[in-house]
Amino acid sequence: MFNAPPLPHCFSPEHEAFRDALRDFVSREITPHVAAWDEAGGFPRDLYQRAAALGILGLGYPEAYGGTPGDVFHQIILSEEMARCGSGGVVASLLSHSIGLPPIARHGSDWLKRKVLPPVIAGERIAALAVTEPGGGSDVAALKTTAVRDGDHYLVSGEKAFITSGMRADFFTVAVRTDPAQRGAGGISALLIEADTLGLSRHALHKMGWWASDTAHLRFDQCRVPASHLIGAEGQGFKVFMHNFNAERLGMAAQACVYAQLCCEEALAWARQRHTFGEPLVQRQVIRHKLADMVARTDAARSLIYELAWRLHHSHGDAADLVGRIAMAKVLASQAMQLCADQAVQILGGMGFMRGTTSERIYREVKVMMIGGGSEEIMKDLAARQWGF
Ligand SMILES: Cc1cc2nc3c(=O)[nH]c(=O)nc-3n(C[C@H](O)[C@H](O)[C@H](O)COP(=O)(O)OP(=O)(O)OC[C@H]3O[C@@H](n4cnc5c(N)ncnc54)[C@H](O)[C@@H]3O)c2cc1C
């Protein structure tokens, strides 16, 4: 019931073999440790290298820079199988390069790609994306961090908030305003800033969930950044960052469905073995209805994700329409996750409130899925705009 047979028009036997290898890795190297890593507020740095050895960090990047070819279905599988560990915090930090690297891979100079891609793909260096500012994240075009040209360098000043892998990252892909005279999307550029740059300071933030992920506030105080670190053309940064979003949102949606499914699985297992008033919980119609709703909502979101992945893969349909549908798939998947986490905790009763159950962790983590990578409100606005209303 929870694992419908693979869809042959999306997933080939080669995709399924990739899934099996990932599932094996995650179940051996990650899942048994996530509760302890959550309590410790982090995971061992060598996990990056172990993931890299399996090709996880290089998926979809050019082979010339150490990457492994992969299509959108490989990306969906990666999101799904990583999420099976049940800790969004581990997944977010381990894969923070999946939002930090694409701007460089797509728009960076060959020199920049050679500098950044191979060590990150090998798990030796960590990459992060720094767009959000204390003054706001949804309205990216309003960002205030400035990069003023000074000879062969830019002088960068400003702040970034809520940056995943912010404490450990070696490379930041940063959204800056290179033309302070221009307001809005014009005048925004993308810049690579290294963590050891003089004038960059950072401090850790404490969160409701994603405890295993480090999240930081960054402050740039007149940081001198070589002009060769510009990613793409000056003033074209907005487009560079917007390119990230389809993949990020589809990946988050696929993860959300797995977190929802984990809640269903834990709730069903509990309902089967927990007896009240002489009967197992699962015999109660009210509990069975909850479980049926949880499975159906998860299935519906997942089916949409697979359909959209298929359309992306085959460039099927209008690109703007697809942007809207992907945005709404993220909304539906995170809502399914929210419903399942809520109902699973309810079915588990007091046990669902205890640290160490998967549902308790996912209940704490669902909010960030509804805020990060484009909040629910912004996703709905975006979809409405794409659809012309
Ligand atoms: C754990 C975590 C990790 C993150 N990691 C990163 C990262 O690695 N890199 C990075 O750059 N950012 C990261 N973020 C930031 C994230 O992308 C932003 O939090 C998100 O984009 C929302 O921005 P905001 O928090 O500034 O909220 P705001 O933009 O201030 O919005 C606040 C609320 O108002 C709503 N809202 C805003 N505008 C409108 C509108 N026009 N109409 C209706 N409602 C509106 C929003 O939906 C939201 O509910 C992370 C956030 C968290 C919590």
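Just follow the structure's listing: the first ligand is 1, and inside any ligand the first atom is 1. Counting from 1, the numbers follow the sequence of the chain as shown. The model shown is predicted, which means the values in this text are computed figures rather than measured ones.
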Practice problem: For residues Tyr306 and Phe11, establish whether the separation of their ring centroids is below 6.0 Å. | Solution: yes
Considering [options] one by one, which has a heavy atom nearer to [atom] than any of the others?
atom: atom 23 (O) of ligand 1; options: Gly166, Gly209, Gly137, Ala169; result: Gly137
atom: atom 3 (C) of ligand 1; options: Thr164, Ile99, Leu143; result: Thr164
atom: atom 11 (O) of ligand 1; options: Thr215, Asp214, Leu218, Val131; result: Val131
atom: atom 9 (N) of ligand 1; options: Thr173, Val368, Leu129; result: Leu129
atom: atom 40 (C) of ligand 1; options: Ile371, Thr132, Ile378, Val140; result: Ile378

Quiz item: Heavy-atom contact under 4.0 Å between Gly136 and ligand 1?
Solution: yes
Quiz item: Does Asp139 approach ligand 1 within less than 4.0 angstrom via side chain, backbone, both or neither, non-hydrogen atoms only?
Solution: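 It is neither; nothing of Asp139 touches ligand 1.
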Self-check item: Distance filter under 4.0 Å to Ser138 heavy atoms, resulting ligand 1 atoms
Solution: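 Heavy-atom distances to Ser138 below 4.0 Å select 22 (C), 23 (O), 28 (P), 29 (O), 31 (O), 37 (C).
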Self-check item: Ala161, any N or O under 3.5 Å of ligand 1 N or O
Solution: no
Practice problem: Ignoring angles and geometry beyond distance, decide whether Glu376 reaches within less than 3.5 Å of ligand 1 through its nitrogen or oxygen atoms. | Solution: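 Looking only at distances, the answer is no, because the N/O contact criterion of under 3.5 Å is not met.
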Quiz item: Is a salt bridge present between Arg50 and Asp46, judged by a nitrogen-to-oxygen distance below 4.0 Å?
Solution: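 Between Asp46 and Arg50 there is a salt bridge, with a charged N closer than 4.0 Å to a carboxylate O.
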Quiz item: Looking at CZ of Arg311 and CG of Leu322, how far apart are the two atoms once the value is rounded to the nearest 0.5 Å?
Solution: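 Atom-to-atom, Arg311:CZ and Leu322:CG are 6.5 Å apart.
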Quiz item: Is there a donor-acceptor pair closer than 3.5 Å between any side-chain N or O of Arg177 and the backbone N or O of Ser189?
Solution: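 Side chain of Arg177 to backbone of Ser189: no pair is present.
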Quiz item: Quick one: does Gln386's side chain have a donor or acceptor within less than 3.5 Å of a partner on Asp321's backbone?
Solution: no
Nearest-neighbour protein heavy atom for [atom], which is reported as residue plus atom name and distance:
atom: atom 42 (N) of ligand 1; answer: Asp381 OD2, 4.4 Å
atom: atom 46 (C) of ligand 1; answer: Ser375 OG, 3.5 Å
atom: atom 25 (O) of ligand 1; answer: Phe162 CE1, 3.7 Å
atom: atom 43 (C) of ligand 1; answer: Glu377 CB, 4.0 Å

Self-check item: Any protein heavy atom < 4.0 Å from atom 32 (C) of ligand 1
Solution: no
Quiz item: Does the ring of Trp211 carry Arg361 above it, NZ/CZ under 6.0 angstrom from centre and within 45° of its axis?
Solution: no
Quiz item: Within 45° of the six-membered ring axis of Phe43 and under 6.0 Å from that ring's centre, is NZ or CZ of Arg168 located there?
Solution: yes
Exercise. Mind listing the closest non-hydrogen atom pair of Tyr48 and Gly123 along with its distance?
Key: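 That closest heavy-atom pairing would be CB-O, 3.6 Å.
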Quiz item: Which pair of non-hydrogen atoms, one from Ala260 and one from Thr298, has the smallest distance, and what is that distance?
Solution: CB-OG1, 3.5 Å
Exercise. Could you tell me whether the side chain of Leu95 reaches within less than 4.5 Å of the side chain of Met82, counting heavy atoms only?
Key: yes
